[in-house]
Amino acid sequence: PLTADAIMARVAANQDRSEALRKQYVYRQHIRILTHKPKGKTLREETTEYDVTPTPDGTQKELRLLTGRYWHQGKYETFQGQPAPGSGSLDGSLIDGLRDDLLNEKTKDGLAKDLFPLTSEEQKNYEFRLLGQEAQQGRSVYHIGFRPKDRNEITWAGEAYIDATEFQPVRVFTKLSRRIPFAVRTLLGTDVPGIGFNVVYKRQGDGAWFPATFGTEFRIHALFFINRQVSIALENSAFERTHVESKMKLVGPAE
């Protein structure tokens, strides 16, 4: 039987090789982010759609649509297109910053690579344990737990479901490996309770695996006056392969 480290070593190798397949695809990315007071009304909501095309170093994203609404003087104001009204406000700046973190143009799959320790470079800092083998989306998967080797480091910990045949991630979810130190929470008034991410991968016809959905909901409490609940939902769809390799065989003149 394979160990957790052996399984994840194969995942890392596949992730590194998968970049060659991912850069042959164009797709559409839909992002919805909203902020609201904890257990209160929505303060701002923005929805964007991007066309994503591969580049030699990552991806290029072209904005197709921006719509939203925000709470202003006792009612909701709607908007469409750029510049978005109130983008410099607390909630507008918060949404812009979160969206910029997601729109990582240095990766082939459209998500920041440091969110999940799947590549060989990221795995160096983690330890893994095999939790079992089960079924996900009709496929046999290994259930892997992971956490940082340095127990004092504040980074991601969580669980991953790895396809037992192709050694590709089917689903990964994370949370902070430990709470923000008490002194930071008390003296600076900063905490992000509940933060974590859940991503589901989808297999394409030629064997390329892409993140299909990504979601999270968490609270931001910072500097004693920022207190927001944040929800993020991302969906990649309309995958289309744009590059097909072909070979030309030279044949001599007929005799």
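Worth knowing before you read on, the calculation uses all heavy atoms, side chains too, and leaves out hydrogens, waters and symmetry mates. Numbering starts at 1 and runs along the sequence shown.
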ILVMFWY network linking [X] to [Y], side-chain heavy atoms under 4.5 angstrom:
X      : Y      : answer
Val170 : Leu130 : yes
Val172 : Leu176 : yes
Leu43  : Ile226 : no
Val141 : Phe173 : yes
Ile220 : Leu34  : no

What's the separation between atom [atom1] in [X] and atom [atom2] in [Y], rounded to the nearest 0.5 Å?
X      : Y      : atom1 : atom2 : value
Tyr161 : His143 : OH    : NE2   : 3.5 Å
Lys39  : Lys37  : NZ    : NZ    : 15.0 Å
Tyr50  : Arg28  : OH    : CZ    : 13.5 Å
Leu2   : Gln133 : CG    : CD    : 9.0 Å
His36  : Lys41  : NE2   : NZ    : 12.5 Å
Asn14  : Phe167 : CG    : CZ    : 8.5 Å

Looking at every non-hydrogen atom in both residues, tell me the closest pair between [X] and [Y] and how far apart they are.
X      : Y      : answer
Phe218 : Ile232 : CE2-CD1, 4.4 Å
Ser177 : Ile154 : OG-CA, 3.7 Å
Leu66  : Ala84  : CD2-CB, 4.1 Å
Met8   : Gln123 : O-NE2, 2.8 Å
Ser120 : Ala12  : N-CB, 3.5 Å

- Query: Do other residues, nucleotides or ligands put more than 12 heavy atoms under 6.0 Å from Lys75 NZ?
  - Reply: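 12 or below, so no.
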
- Task: For the pair Ser89 (side chain) and Gly86 (backbone), establish whether a donor and an acceptor sit closer than 3.5 Å, ignoring hydrogens and angles.
- Result: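 Here the side-chain-to-backbone pair exists.
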
Answer whether the closest heavy-atom distance between the side chains of [X] and [Y] falls below 4.5 Å.
X      : Y      : answer
Ser231 : Ile33  : no
Val52  : Glu62  : no
Ile144 : Glu159 : no
Pro211 : Val199 : yes
Tyr27  : Phe210 : yes
Thr48  : Arg32  : no
Thr213 : Lys202 : no
Phe214 : Ile31  : no

- Measure the acute angle between the ring planes of Phe128 and Phe146, then classify it against the limits of 30° and 60° as parallel, tilted or perpendicular.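 If you compare the ring of Phe128 with that of Phe146, the planes turn out tilted.
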
- Are Lys61 and Asp51 ion-paired here, with the side-chain N under 4.0 Å from a carboxylate O?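 Judged by the 4.0 Å cut-off on N to carboxylate O distance, Lys61 and Asp51 do not form a salt bridge.
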
- Message: Under a 4.0 Å threshold between the charged nitrogen and the carboxylate oxygen, would Glu134 count as salt-bridged to Arg139?
- Response: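 Salt bridge absent between Arg139 and Glu134.
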
- Intermediate values then yes/no, salt bridge (charged side-chain N to carboxylate O under 4.0 Å, His left out), Glu122 and Lys124: CA-CA 5 Å; Glu122 292 292 326; Lys124 295 176 182 178; over 6 Å; no

- Task: Applying side chain to side chain contact (heavy atoms under 4.5 Å, CB included), run through Tyr25 and Gln204 and close with a yes or a no.
- Result: CA-CA 10 Å; Tyr25 278 86; Gln204 305 303 308; 3.5 Å; yes

If we count only N and O atoms by modelled type, under 3.5 Å, do the side chains of [X] and [Y] hold a donor and an acceptor together?
X      : Y      : result
Gln229 : Arg219 : no
Gln29  : Asn236 : yes
Trp71  : Glu77  : no

- For the pair Leu65 and Gln80, evaluate side chain to side chain contact (heavy atoms under 4.5 Å, CB included) and give the outcome as yes or no after the intermediate values. CA-CA 8 Å; Leu65 180 66; Gln80 180 172 330; 3.8 Å; yes

- Report the C-alpha separation of Trp209 and Asp163 in whole Å, then their side-chain angles, then the decisive distance to 0.1 Å, and conclude whether the side chain to side chain contact (heavy atoms under 4.5 Å, CB included) test is met. CA-CA 11 Å; Trp209 291 71; Asp163 187 271; 4.0 Å; yes

- Message: Between Tyr126 and Trp156, is the ring pair (Phe, Tyr, Trp, His ring centres under 6.0 Å) condition met? List the steps.
- Response: CA-CA 9 Å; Tyr126 283 84; Trp156 302 117; 9.8 Å; no

- Message: Can you tell me which residue among Leu94, Asp96, Ile95, Asp100 is in a side chain to side chain contact (heavy atoms under 4.5 Å, CB included) with Leu98?
- Response: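 Result: among Leu94, Asp96, Ile95, Asp100, Leu94 is the only option passing the side chain to side chain contact (heavy atoms under 4.5 Å, CB included) with Leu98.
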
- Message: Checking side chain to side chain contact (heavy atoms under 4.5 Å, CB included) between Tyr70 and each of Glu46, Arg44, Glu45, which is the one that passes?
- Response: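 By the side chain to side chain contact (heavy atoms under 4.5 Å, CB included) criterion, Tyr70 pairs with just one of Glu46, Arg44, Glu45: Arg44.
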
